Undergrad: 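Please find one structure pasted underneath; my questions will follow.
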Amino acid sequence: MLALEADLTIIGTNLVSQRLSMATLKKNRVGSAYIAAQLRKDIIEGNLAPHEKLAPERVLAEQFSVSRGTIRAALKQLGSENLISARKGSGTYVTRHDGPSDTKVFDEARPLELMDARFAFEPHICRLAVLNARGSDLVELEDLLTAMEASVDDASAFSVHDARFHTKLVEITGNPLLNWISEQMSLVRSRREWTKMRKLTLEGAIITQYNAQHRAIVDAVRDREPEQAASMMKEHLETARLSLTRAAAT
């Protein structure tokens, strides 16, 4: 009997460990659109120079903790944008040659201009997310909510999870063009001026408010309420815009 109880204890411990491992994987999971956005940012900002060889798929898969298939999908997207090209038997290389005006729109975009663009974009994204969200998507959104709620006192960590949350909503639509538009907005969010404004605005009280709004958005998506989801996103963006306006005035 004691041996049986010991075996059951070991089995229970292993099941808990497996569940924790799966939860960690879900929390850290990223999609091809996110990876493409990160690589695109490195190319446009010059961190990856023209003619530079990318790391092999295996290395990129390890770096982003995803499958090689996900890496291939991201590279295919960048290839369709003529940012990279594959050379048979050699590897994948950066092909973009930026002229002086190629990144002008990103360099000159102001945080409040980005907010205006998001107002025109993200509420409808929520409507489409309601129509397309699967159970696994809702699980990932819930994981991101948990991560953001655990980052009230860590603005940097919150920013990472927040960006992933908004990217995930776009991915749920299943629309490659919307994913591409979202990636362009993400490039603006990576600029120095946006980072500076984010540091000025992200403190505990506003993060807590953002978290409540994020949860309301996910609740509306789960309840299949498209207009409620869009309305909650508008409220969230209004809060963010007001916060940026106040910070800009200081």
Side-chain angles (χ1 to χ4, degrees), residues 21-98 102-103 106 118 121-122 124-144 147 159-190 218 221:
S21 296
M22 287 301 294
T24 300
L25 285 172
K26 289 176 181 176
K27 186 176 294 185
N28 292 332
R29 184 172 56 202
V30 297
S32 60
Y34 174 84
I35 295 167
Q38 298 304 304
L39 293 174
R40 185 185 296 104
K41 173 176 175 290
D42 284 340
I43 292 170
I44 290 176
E45 293 189 345
N47 297 322
L48 289 171
H51 309 299
E52 182 173 347
K53 184 177 180 180
L54 297 185
E57 288 180 2
R58 173 183 54 79
V59 174
L60 290 172
E62 292 174 357
Q63 177 184 335
F64 288 100
S65 299
V66 297
S67 68
R68 293 180 68 172
T70 301
I71 294 297
R72 290 190 195 103
L75 297 180
K76 182 179 179 181
Q77 175 60 39
L78 295 177
S80 71
E81 299 170 22
N82 295 319
L83 293 176
I84 61 173
S85 64
R87 301 178 189 174
K88 189 173 181 180
S90 178
T92 303
Y93 294 81
V94 176
T95 57
R96 183 182 181 114
H97 295 268
D98 280 329
D102 283 330
T103 61
F106 302 111
R118 292 179 66 187
F121 182 73
E122 295 195 46
H124 190 58
I125 290 298
C126 289
R127 295 187 184 96
L128 295 175
V130 167
L131 296 175
N132 292 282
R134 300 168 297 176
S136 58
D137 296 319
L138 294 172
V139 169
E140 185 170 351
L141 287 172
E142 186 65 36
D143 286 342
L144 287 165
S159 294
V160 172
H161 300 309
D162 173 65
R164 177 60 191 148
F165 175 81
H166 287 273
T167 299
K168 178 60 184 177
L169 288 172
V170 183
E171 288 177 1
I172 291 173
T173 70
N175 186 318
L177 180 57
L178 293 177
N179 271 300
W180 182 84
I181 294 171
S182 174
E183 289 161 7
Q184 309 317 301
M185 292 184 180
S186 294
L187 287 174
V188 178
R189 292 184 70 174
S190 71
V218 174
V221 173

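Keep in mind the model is a prediction, meaning the values are calculated, not measured.
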Undergrad: Is there a side-chain contact between Arg87 and Lys53 in this structure, where contact means two heavy atoms from C-beta onward sitting under 4.5 Å apart?
TA: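 Contact flag for Arg87/Lys53 side chains = no.
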Undergrad: What pair of heavy atoms forms the shortest contact from Ala73 to Ser32, and how long is it?
TA: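 Heavy atoms of Ala73 and Ser32 come nearest at CB-CB, 3.7 Å.
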Undergrad: Looking at every non-hydrogen atom in both residues, tell me the closest pair between Gly31 and Arg164 and how far apart they are.
TA: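 In terms of heavy atoms, the two residues are closest at N-NH2, 3.7 Å.
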Undergrad: Do Ile43 and Ile84 come close enough that some side-chain heavy atom pair is under 4.5 Å?
TA: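 Result yes, sub-4.5 Å side-chain heavy-atom pair found.
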Undergrad: Check Arg68 against Ala61 and note the closest heavy-atom contact, atom names and distance.
TA: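 In terms of heavy atoms, the two residues are closest at CG-CB, 4.0 Å.
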Undergrad: I'd like to know if the side chain of Thr95 reaches the main chain of Asn82, judged simply by a donor and an acceptor atom lying under 3.5 Å from each other, with no hydrogens or angles considered.
TA: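 Yes, the answer is positive, given that a donor and an acceptor are paired below the 3.5 Å cut-off.
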Undergrad: Hey, what do you get for CZ (Arg127) to OG1 (Thr173), rounding to the nearest 0.5 Å?
TA: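 Answer for the CZ-OG1 pair, Arg127 versus Thr173, is 14.0 Å.
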Undergrad: In sequence, state the C-alpha distance, the side-chain angles, and the governing distance for His166 and Met185, and then conclude on side-chain contact (heavy atoms from CB on, under 4.5 Å).
TA: CA-CA 11 Å; His166 287 273; Met185 292 184 180; over 6 Å; no
Undergrad: Determine the sole option in Val221, Leu141, Thr167, Ile125 for which the side chain to side chain contact (heavy atoms under 4.5 Å, CB included) test with Ile172 is passed.
TA: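 It is Leu141, the one option of Val221, Leu141, Thr167, Ile125 that forms the side chain to side chain contact (heavy atoms under 4.5 Å, CB included) with Ile172.
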Undergrad: Consider side chain to side chain contact (heavy atoms under 4.5 Å, CB included). Of Ile71, Thr70, Thr92, which one does Leu60 pass it with?
TA: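 In the set Ile71, Thr70, Thr92, the residue that makes a side chain to side chain contact (heavy atoms under 4.5 Å, CB included) with Leu60 is Ile71.
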Undergrad: Would you say that Arg72 contacts Lys76 through its side chain, given a criterion of any heavy-atom pair below 4.5 Å between the two side chains?
TA: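 Result no, sub-4.5 Å side-chain heavy-atom pair not found.
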Undergrad: To the nearest 0.5 Å, what is the distance between CD1 on Ile35 and CD on Gln63?
TA: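 Between Ile35 CD1 and Gln63 CD, I get 9.0 Å after rounding to 0.5 Å.
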Undergrad: Within the 4.5 Å heavy-atom criterion, are Leu75 and Leu39 side-chain neighbours or not?
TA: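 They are in side-chain contact.
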Undergrad: With Val160, which residues qualify under side-chain contact (heavy atoms from CB on, under 4.5 Å), at least two apart?
TA: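 Listed in chain order: nothing, the list is empty.
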Undergrad: Over all heavy atoms of both residues, which pair between Tyr93 and Ser90 is shortest? Give the atoms and the distance, please.
TA: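 Nearest heavy atoms, Tyr93 then Ser90: OH-OG, 2.6 Å.
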Undergrad: Are any of the side-chain heavy atoms of Asn175 and Leu128 separated by less than 4.5 Å?
TA: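 A side-chain contact under 4.5 Å is absent here.
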Undergrad: Might you point out which heavy atoms bring Ala33 and Glu171 nearest each other, and give the distance in Å?
TA: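 Looks like CB-OE2, 3.8 Å.
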